[in-house]
Every structure is written in structure tokens, then in C-alpha cells.
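The chain is numbered in sequence order, starting from 1.
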Amino acid sequence: MRMRRILGLALAAATLAGVSAFGAVSAGAVSPPNISRDDCMAAGGQIVSRPYAGDACALPDGTTPAIT
């Protein structure tokens, strides 16, 4: 009985650690890096204004990184 409890706790901890790592990786993949106005124009993007979020660059591939 005690061994099952220990194994259950170990499995729960491993699952939680895996979910946390996956969340960190997917969050990093979702947010594109910042870009300058010159780099935006050179890449064929357009400057767009976002309410309460400042300006962004709408790139041809569909991403919209923030402008620094």
C-alpha cells in the first residue's frame, strides 16, 4: 500500500513537471520576438496600430511582432 502511494506521488510530480515544461516551451513559441520599424519594412511588413498595445509589424507570414 505504501509503495503504491509513493509511486503515485512520483507519477503525479513527473506529470506536473512535464506539463510545466510544455507550457514554458509553447509560451515561448507563441510570442514572436520584437522587431524594429526598419526591419519590419525590409521584411515586407506593414506597421499596424493596436489599441492599448502600441504598434506592431504585420509580416507576410501572418505573425505580428511588437515594434521596439
Side-chain angles (χ1 to χ4, degrees):
M1 181 74 166
R2 184 172 182 206
M3 186 59 111
R4 282 188 189 167
R5 185 177 300 152
I6 292 171
L7 288 175
L9 288 174
L11 180 61
T15 303
L16 183 61
V19 169
S20 296
F22 179 74
V25 168
S26 63
V30 170
S31 59
N34 293 342
I35 191 170
S36 70
R37 289 181 180 272
D38 294 334
D39 290 341
C40 176
M41 298 309 263
Q46 295 179 343
I47 309 286
V48 294
S49 258
R50 299 180 297 179
Y52 306 107
D55 293 338
C57 175
L59 294 171
D61 66 355
T63 58
T64 55
I67 294 187
T68 55

Determine the minimum heavy-atom distance between [X] and [Y], stating which atoms define it.
X	Y	answer
Arg50	Ala56	NE-CB, 3.4 Å
Gly45	Cys57	CA-SG, 4.1 Å
Pro65	Pro33	CB-O, 2.9 Å

### Pair Asp61, Thr63: side-chain N/O donor-acceptor within cut-off below 3.5 Å
yes
### Query
Of the options Thr68, Ile47, Val48, which is the one that meets Asp55 in a side-chain contact (heavy atoms from CB on, under 4.5 Å)?
Ile47
### Query
Out of curiosity, does Ile67 fall in the hydrophobic cluster containing Met41 (side-chain heavy atoms, cut-off under 4.5 Å, transitive links)?
yes
### Query
Which residues pass the salt bridge (charged side-chain N to carboxylate O under 4.0 Å, His left out) test with Asp39, sequence neighbours left out?
none
### Task
Supply the atom-to-atom distance Thr64 OG1 to Ile35 CD1, rounded to the nearest 0.5 angstrom.
11.0 Å
